[in-house]
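Remarks on the structure that follows.
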Amino acid sequence: MSEPALIELEGIQKSYLGREPIFSNINLRINKGEFLFLTGVSGAGKSTIFRMLLGIESPDLGKVVFDQKEVTNIPKDKMYLHRRKIGMVFQDYKLLENKTAEENIAIPLQILRFSASKKDRFIKDIAAKLNIERLLDQPVKSLSGGEQQLIAIGRAAVHTPDVILADEPTANLDQKMATRIIRMLELLNSIGITVIIATHDINLIKSHQKRIILLKKNAMVEVC
């Protein structure tokens with residue numbers, strides 16, 4: 001018997017303000033440990049899918065299933081338990097600029113109420129994996145955009161979530177740093193974290209031989 005999927009979208013339809021659906025009858029299965037690109041033109045619904053996985057939005061029709069639980073059925077007071085399983089990386093980093101890199105990375109651990117010693121151990125571990133130890137004591141506002149994105153990845157991954165959702169994580173970066181960002185996400189994938197990258201950067205997608213899901217008008221197509 002095959003292992004249950006980590007994520008399943010079943011017959012998903014979504015529209016806004018009564019307009020024509022941005023997509024309809026979308027079906028997708030993502031297994032634990034996969035690395036894939038979600039692509040499509042601006043407005044195709046990439047970020048909407050991420051918000052549905054996080055339980056921020058609900059589909060008009062269909063089911064969003066995460067770890068065998070339908071997300072829309074999770075009680076509001078239990079949603080934080082679901083979101084603990086997800087690390088989020090944003091295009092604009094969303095870091096606290098007046099805090100150090102280490103303080104930013106520590107945020108999920110503080111929310112999870114890790115002890116000081118356990119928090120220190122987890123931060124040191126992810127910093128070593130991402131090779132960002134030298135940045136830990138630096139104020140975020142003093143870092144370059146690429147360095148800030150590395151810190152954002154550290155924050156998303158420090159508590160070892162089941163999946164990392166990365167929304168246009170290389171959009172504001174040069175090619176060298178974009179490549180480094182993808183390599184760091186590949187490294188995290190190699191230790192068992194499922195990685196989904198939403199991007200419209202065709203060159204980035206072509207340079208990495210990964211599964212590609214293309215969102216088109218009212219359709220989802222698996223490219224490879």
Side-chain angles (χ1 to χ4, degrees), residues 5-7 9 12 14 22-24 26-54 86-95 101 104-105 126-127 129-132 134-135 140 143-158 161-224:
L6 177 63
I7 293 168
L9 307 182
I12 296 297
K14 183 67 177 178
I22 55 174
F23 44 63
S24 60
I26 293 297
N27 296 281
L28 178 64
R29 177 187 173 99
I30 300 173
N31 293 322
K32 184 174 176 58
E34 282 202 70
F35 186 115
L36 61 91
F37 288 105
L38 181 64
T39 190
V41 299
S42 179
K46 302 184 294 296
S47 297
T48 296
I49 286 176
F50 281 1
R51 289 195 293 271
M52 288 193 291
L53 290 173
L54 287 162
I86 301 173
M88 190 72 207
V89 179
F90 302 92
Q91 178 179 341
D92 58 354
Y93 323 133
K94 297 196 184 301
L95 299 173
N104 273 274
I105 291 172
I126 196 63
K129 282 185 172 69
L130 301 180
N131 193 25
I132 55 174
R134 65 179 180 83
L135 302 178
V140 163
L143 303 179
S144 69
E147 289 171 335
Q148 289 191 41
Q149 192 61 293
L150 288 170
I151 299 306
I153 292 172
R155 179 186 59 191
V158 68
D162 291 340
V163 61
I164 287 178
L165 306 177
D167 196 357
E168 301 284 0
T170 64
N172 300 322
L173 308 177
D174 62 33
Q175 188 60 48
K176 182 177 179 180
M177 182 54 76
T179 298
R180 183 178 177 187
I181 293 297
I182 297 302
R183 285 177 178 168
M184 292 303 98
L185 291 169
E186 288 178 325
L187 184 151
L188 294 170
N189 179 244
S190 75
I191 63 173
I193 298 175
T194 303
V195 175
I196 307 172
I197 300 176
T199 182
H200 64 272
D201 187 340
I202 298 301
N203 291 328
L204 178 68
I205 293 170
K206 287 182 176 179
S207 64
H208 295 80
Q209 299 300 310
K210 304 293 184 182
R211 185 181 179 195
I212 302 169
I213 304 296
L214 173 64
L215 275 172
K216 301 173 68 176
K217 186 174 178 60
N218 288 327
M220 177 179 279
V221 179
E222 183 153 353
V223 178
C224 69

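Here the closest non-hydrogen pair linking L185 and A166 is CD1-CB, 4.3 Å. When every heavy atom of P161 is checked against every heavy atom of A156, the shortest pair comes out as CG-O, 3.4 Å. Shortest non-hydrogen contact noted between A198 and P169 is O-CD, 4.0 Å. K94 approaches R155 most closely through the heavy-atom pair O-NH1, 2.6 Å. Scanning both residues, L143 and A101, for their nearest heavy atoms gives CD1-CB, 4.4 Å. Nearest heavy atom pair, residue T194 against residue N31, reads OG1-O, 3.9 Å.
Taking 4.0 Å as the cut-off between side-chain N and carboxylate O, R134 and E147 count as a salt-bridged pair.
K46 places a side-chain N or O within 3.5 Å of a backbone atom of G40 that can act as its donor or acceptor partner. Distance alone, capped at 3.5 Å, is enough to place a donor-acceptor pair between the T39 side chain and the T199 backbone. Not a single donor-acceptor pair under 3.5 Å links the side chain of Q149 to the backbone N or O of T170. Of the possible donor and acceptor atoms, one in the side chain of N189 sits under 3.5 Å from a partner among the backbone N and O of G33.
Atom CD of E168 and atom CG of D201 lie 8.0 Å apart (nearest 0.5 Å). Rounding to the nearest 0.5 angstrom, the gap separating the CD1 atom in I86 from the CD1 atom in I193 is 12.5 Å. Rounding to the nearest 0.5 angstrom, the gap separating the CD1 atom in I7 from the CG atom in L36 is 8.0 Å. Rounding to the nearest 0.5 angstrom, the gap separating the CE atom in M52 from the CD1 atom in I26 is 8.5 Å.
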Test log, rule side-chain contact (heavy atoms from CB on, under 4.5 Å), inputs I105 and I132 = CA-CA 11 Å; I105 291 172; I132 55 174; 4.0 Å; yes
When you look at I182 and I197, which way does the side-chain contact (heavy atoms from CB on, under 4.5 Å) test go after all the steps?
-> CA-CA 9 Å; I182 297 302; I197 300 176; 3.6 Å; yes
Going through the distances and angles, do I153 and L188 end up as a side-chain contact (heavy atoms from CB on, under 4.5 Å)?
-> CA-CA 10 Å; I153 292 172; L188 294 170; 3.6 Å; yes
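Contact annotation: the side chain of M88 approaches that of L165 to within less than 4.5 Å [non-hydrogen atoms, C-beta and beyond].
No cation-pi contact links K210 to F37, judged by a cut-off of 6.0 Å to the six-membered ring centre and 45° from its axis.
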